[in-house]
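Quick note: residue numbers are just sequence positions, from 1. Since this is a predicted model, take the numbers as computed values, not measurements.
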Amino acid sequence: MLDWDHNAYYHRLLLRHLPQPCRRVLDVGCGAGAFAARLARRSEQVDALDRSAEMIEAARRRVPENVNCVLADVLADSLPGKDYDAIFSICALHHLPLHEALPVFAGRPAARRGLRRHRSAPA
């Protein structure tokens, strides 16, 4: 049997895109913390966010001290920090409505309220 993890496959690729130096990184949908632990080796602070209490507990057991594991829903709760050098979401972004999630990641949480979809006018 092949010991292969679809999500872990991207870790090395994504780490190559991490800016250097890197002060603070957000990992949305961190799961059990595997990628957050790798990010912690290259960033001063990592905020690892997941809405599953079980996953956050698993992540807390796995990650070093410069990782802040946060039980939260990125669409309902405030982000744990500001001014992230990078934001990663290996397992969660494709499950989120982008028109709601992207303004949050762009640092405009107020955009969640009153966000409107633009439609073209009929011809």
Side-chain angles (χ1 to χ4, degrees):
M1 177 175 212
L2 180 63
D3 185 21
W4 187 78
D5 180 338
H6 177 266
N7 296 317
Y9 173 79
Y10 293 100
H11 290 187
R12 191 170 38 189
L13 171 70
L14 293 171
L15 288 169
R16 285 194 299 243
H17 293 280
L18 189 65
Q20 290 300 316
C22 193
R23 286 183 311 100
R24 193 167 196 174
V25 178
L26 177 65
D27 182 10
V28 177
C30 68
F35 189 56
R38 292 188 74 178
L39 286 169
R41 295 183 214 139
R42 298 176 182 221
S43 180
E44 293 175 26
Q45 174 68 41
V46 176
D47 291 328
L49 183 90
D50 205 290
R51 67 183 198 166
S52 166
E54 289 178 27
M55 291 291 100
I56 287 298
E57 285 306 313
R60 285 182 177 143
R61 289 189 296 270
R62 178 180 213 156
V63 299
E65 292 200 16
N66 64 328
V67 177
N68 176 30
C69 295
V70 180
L71 176 62
D73 181 327
V74 73
L75 296 179
D77 302 310
S78 297
L79 296 180
K82 296 180 182 179
D83 300 323
Y84 289 104
D85 296 313
I87 298 174
F88 293 96
S89 181
I90 296 174
C91 302
L93 186 61
H94 60 283
H95 295 289
L96 301 173
L98 292 180
H99 69 280
E100 293 180 37
L102 294 180
V104 173
F105 299 150
R108 299 176 308 204
R112 281 186 272 185
R113 298 181 304 274
L115 185 66
R116 296 184 185 136
R117 291 184 183 184
H118 298 283
R119 297 182 187 174
S120 45

Give the other cluster members for M55, using side-chain heavy-atom distances under 4.5 Å between Ile, Leu, Val, Met, Phe, Trp and Tyr residues; answer none if it is isolated.
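For M55, no cluster forms, as it stays isolated from other hydrophobic side chains.
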Taking every non-hydrogen atom, the tightest pair across [X] and [Y]:
X	Y	value
D85	R23	OD2-N, 2.6 Å
N66	A40	ND2-O, 3.0 Å
A48	I56	O-CD1, 3.9 Å
A36	V67	O-CG2, 3.8 Å
D50	S52	OD1-N, 2.9 Å

Test: ring pair (Phe, Tyr, Trp, His ring centres under 6.0 Å). Region: residues 60-86. Which pairs qualify, not counting sequence neighbours?
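The answer is none; no pair qualifies.
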With sequence neighbours excluded, give me every ring pair (Phe, Tyr, Trp, His ring centres under 6.0 Å) pair touching residues 13-47.
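Ring pair (Phe, Tyr, Trp, His ring centres under 6.0 Å) check on residues 13-47 returns H11-F35, F35-F88.
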Inter-residue atom distance N68.CG - L26.CG, 0.5 Å rounding:
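The CG atom of N68 sits 10.0 Å away from the CG atom of L26.
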Spatial distance of atom CG (L71) from atom CG (L49) [nearest 0.5 Å]:
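Reported value, rounded in 0.5 Å steps: 8.5 Å.
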What residues form a side chain to side chain contact (heavy atoms under 4.5 Å, CB included) with Q20, not counting sequence neighbours?
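With neighbours one apart ignored, the set is L18, C22, R42.
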Distance-only criterion, 3.5 Å: show the donor-acceptor pairs between side-chain atoms of residues 57-64 and protein atoms not counting sequence neighbours.
unit_1: E57; atom_1: OE2; unit_2: R60; atom_2: NH1; d: 2.8
unit_1: R60; atom_1: NH2; unit_2: C69; atom_2: O; d: 3.1

Set of residues satisfying salt bridge (charged side-chain N to carboxylate O under 4.0 Å, His left out) with respect to D47, sequence neighbours excluded:
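For D47 the salt bridge (charged side-chain N to carboxylate O under 4.0 Å, His left out) partners, ignoring immediate neighbours, are R24.
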